[in-house]
Amino acid sequence: MEQQTLQEEKKPKVYEEIFKYGLILGIVFFVFGLISLYLMQSSDSFLIMTIAYPVIFQLIIPLVFVIFLCISLRKQIGGYWTFKQALKSIFLVFFIGWLFSFGLNLAYTKLIDTSIMEKTQDHMKESFVAFMKKQSMEDEKIDKEVAKLDEQFAKQNEFSAKTAFRNITIAVSIIFVIALIFAAIFKRERPLRLEDFPTQA
C-alpha cells in the first residue's frame with residue numbers, strides 16, 4: 001500500500017520531467033533548424049546546402065541531444081525503464097519537442113522573419129541551376145527540374161487544415177517508430193533481487 005502511494009506521488013514528477021525535456025528538445029530543434037536555414041542562404045555549394053548543413057544541424061546535433069536527454073530522463077525517474085515505460089516517455093518527449101518546435105517555427109516565419117523561407121528557397125533554386133549547368137545538363141531538362149522544385153516548394157509553403165492534419169499524422173507515425181527504436185536501446189530492466197523470488201514454505 002505504501003509502495004503504491006509512493007508511486008502515485010512520483011507520477012506527476014515524471015510527467016513534469018517529460019514535459020521539461022520535451023520543451024528543451026523543441027528549442028534545440030528550432031534553434032539548430034534556424035541556424036541551418038541561415039547557413040543555407042549563405043552557401044554557394046548546392047551539395048553542402050542540401051546535404052551537409054541539414055545532416056549536421058538537423059540530424060547529428062539533435063541526435064546527440066536526444067541521446068543525452070534519454071539517458072538523463074531515465075536517470076531522473078529512477079534509472080530503470082521497462083520497454084513500455086521507455087516507449088511512452090520517449091514518445092511523449094519527442095512529440096512535445098516536435099510540437100513546440102513546430103509552433104516556434106510557425107511563429108518565427110509568420111511574425112518575425114516572414115521572408116526567410118522564400119529567400120532560402122530562391123537561393124537553393126539558384127544553386128541548383130548552377131550545379132546542373134556544371135554537369136552540362138541541357139536547358140530543357142534544367143527547366144523541368146526547376147519546375148519540379150517549384151512544385152515541391154509550393155507544397156511546403158501550403159498551409160491549410162488538410163495539410164496540417166496530414167503533416168501531424170505523418171509526424172506522429174515517424175515519431176512513434178523512432179521512439180520504438182530508442183525505447184529498445186535505452187530500456188533498462190530493474191535487476192532481480194533474492195527477495196523477489198518466492199520462498200518455499
Side-chain angles (χ1 to χ4, degrees), residues 11-12 14-38 40 49-51 53-74 77 81-121 124-125 128 145 147-187:
K11 278 184 181 178
V14 170
Y15 286 109
E16 283 177 12
E17 292 297 322
I18 288 172
F19 186 73
K20 180 180 74 175
Y21 279 78
L23 293 185
I24 293 171
L25 189 61
I27 292 171
V28 169
F29 284 156
F30 169 70
V31 169
F32 285 103
L34 204 60
I35 290 172
S36 178
L37 282 177
Y38 280 112
M40 287 167 70
M49 181 191 308
T50 56
I51 298 175
Y53 287 149
V55 167
I56 293 171
F57 292 100
Q58 298 179 35
L59 180 62
I60 295 176
I61 294 178
L63 182 61
V64 171
F65 273 91
V66 164
I67 292 171
F68 170 77
L69 289 180
C70 286
I71 294 172
S72 181
L73 179 59
R74 184 179 64 187
I77 62 178
W81 262 348
T82 63
F83 176 78
K84 183 179 178 180
Q85 290 169 334
L87 176 59
K88 182 179 179 182
S89 300
I90 293 172
F91 174 79
L92 287 174
V93 169
F94 286 1
F95 181 71
I96 293 168
W98 172 81
L99 200 61
F100 190 53
S101 174
F102 178 79
L104 288 174
N105 272 305
L106 193 62
Y108 189 87
T109 55
K110 299 298 181 183
L111 300 175
I112 298 174
D113 190 348
T114 56
S115 62
I116 183 171
M117 293 305 299
E118 184 180 353
K119 289 177 182 177
T120 303
Q121 290 170 354
M124 186 181 295
K125 189 160 57 174
F128 182 54
E145 294 300 321
K148 290 180 183 178
L149 196 61
D150 285 335
E151 188 178 345
Q152 291 178 6
F153 289 155
K155 288 181 180 179
Q156 290 176 8
N157 296 333
E158 182 185 353
F159 186 79
S160 64
K162 184 179 179 181
T163 56
F165 178 77
R166 183 189 62 199
N167 291 339
I168 291 172
T169 303
I170 294 171
V172 169
S173 301
I174 293 172
I175 289 170
F176 182 74
V177 172
I178 296 173
L180 278 172
I181 297 170
F182 275 82
I185 294 171
F186 290 101
K187 68 176 181 177

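Note that this is a predicted model, so its numbers are computed, not measured. As a basis for the values below, the full set of heavy atoms in this structure was taken, side chains included, without hydrogen atoms, waters or symmetry mates.
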Any idea which heavy atoms bring Met124 and Met49 closest together, and the distance? CA-SD, 3.5 Å
With Phe182, which residues qualify under ring-ring contact (aromatic ring centres under 6.0 Å, His included), at least two apart? Phe94, Phe186
Separation between CZ (Phe165) and OG1 (Thr169), nearest 0.5 Å, reads 4.0 Å
Check Ile56 against Pro62 and note the closest heavy-atom contact, atom names and distance. O-CD, 4.2 Å
Once salt bridge (charged side-chain N to carboxylate O under 4.0 Å, His left out) is applied, do any residues pair with Asp150, and if so which ones, sequence neighbours excluded? Lys125
ring-ring contact (aromatic ring centres under 6.0 Å, His included) filter on Trp81, not counting sequence neighbours, yields none
Gln152: which residues meet the side chain to side chain donor-acceptor pair (under 3.5 Å) condition with it, sequence neighbours left out? none
Give a yes or no on this: more than 12 heavy atoms of other residues, nucleotides or ligands lie within 6.0 Å of atom CZ of Phe153. yes
Do Phe68 and Val64 have side-chain heavy atoms sitting under 4.5 Å apart? no
Hits for side chain to side chain donor-acceptor pair (under 3.5 Å) against Thr120, two or more places apart or cross-chain, chain-then-number order -> Gln41
Between the CD1 atom in Ile178 and the CD1 atom in Ile181, the distance rounded to the nearest 0.5 Å is 7.0 Å
Rounding to 0.5 Å, atoms CZ (Arg74) and CG (Leu69) come to a distance of 13.0 Å
With sequence neighbours excluded, residues passing salt bridge (charged side-chain N to carboxylate O under 4.0 Å, His left out) with Glu118: none
Taking the side chain as every heavy atom from C-beta outward, state whether Ile185 and Ile67 have any pair of such atoms under 4.5 Å apart. no
To the nearest 0.5 Å, what is the distance between OG1 (Thr82) and CG (Leu87)? 9.5 Å
Holding to salt bridge (charged side-chain N to carboxylate O under 4.0 Å, His left out), I want the full list of residues that pass it with Lys148, two or more places apart in sequence or in another chain. Glu145
Have a look at Val172 and tell me which of Ile174, Ile170, Ile175, Ile168 forms a side-chain contact (heavy atoms from CB on, under 4.5 Å) with it. Ile168
Side chain to side chain donor-acceptor pair (under 3.5 Å) partners of Tyr38, counting only residues at least two apart: Tyr108, Asp113
Qualifying residues under ring-ring contact (aromatic ring centres under 6.0 Å, His included), relative to Phe57, sequence neighbours excluded: none
Output yes when a side-chain donor or acceptor of Ser101 lies under 3.5 Å from a complementary backbone atom of Gly97, and no otherwise. no
I need the minimum non-hydrogen distance between Leu106 and Thr109, along with the two atoms involved. O-OG1, 3.3 Å
Inter-residue atom distance Tyr15.OH - Ser89.OG, 0.5 Å rounding: 7.5 Å
Non-neighbouring partners of Thr50 that pass side chain to side chain donor-acceptor pair (under 3.5 Å), sequence neighbours left out: none
Return all side-chain donor-acceptor pairs below 3.5 angstrom for residues 19-32, not counting sequence neighbours, or 'none' if the list is empty.
from: Lys20; atom 1: NZ; to: Glu17; atom 2: OE1; distance (Å): 3.3
from: Tyr21; atom 1: OH; to: Ser72; atom 2: OG; distance (Å): 2.5

Please step through side-chain contact (heavy atoms from CB on, under 4.5 Å) for the pair Leu37 and Met117, ending with a clear verdict. CA-CA 8 Å; Leu37 282 177; Met117 293 305 299; 3.9 Å; yes
For residues 174-184, which residue pairs pass the side-chain hydrogen bond (donor to acceptor under 3.5 Å, both in side chains) check, not counting sequence neighbours? none
So, taking the atom named CD1 in Ile90 and the one named CG in Leu73, what distance separates them when rounded to the nearest 0.5 Å? 7.5 Å
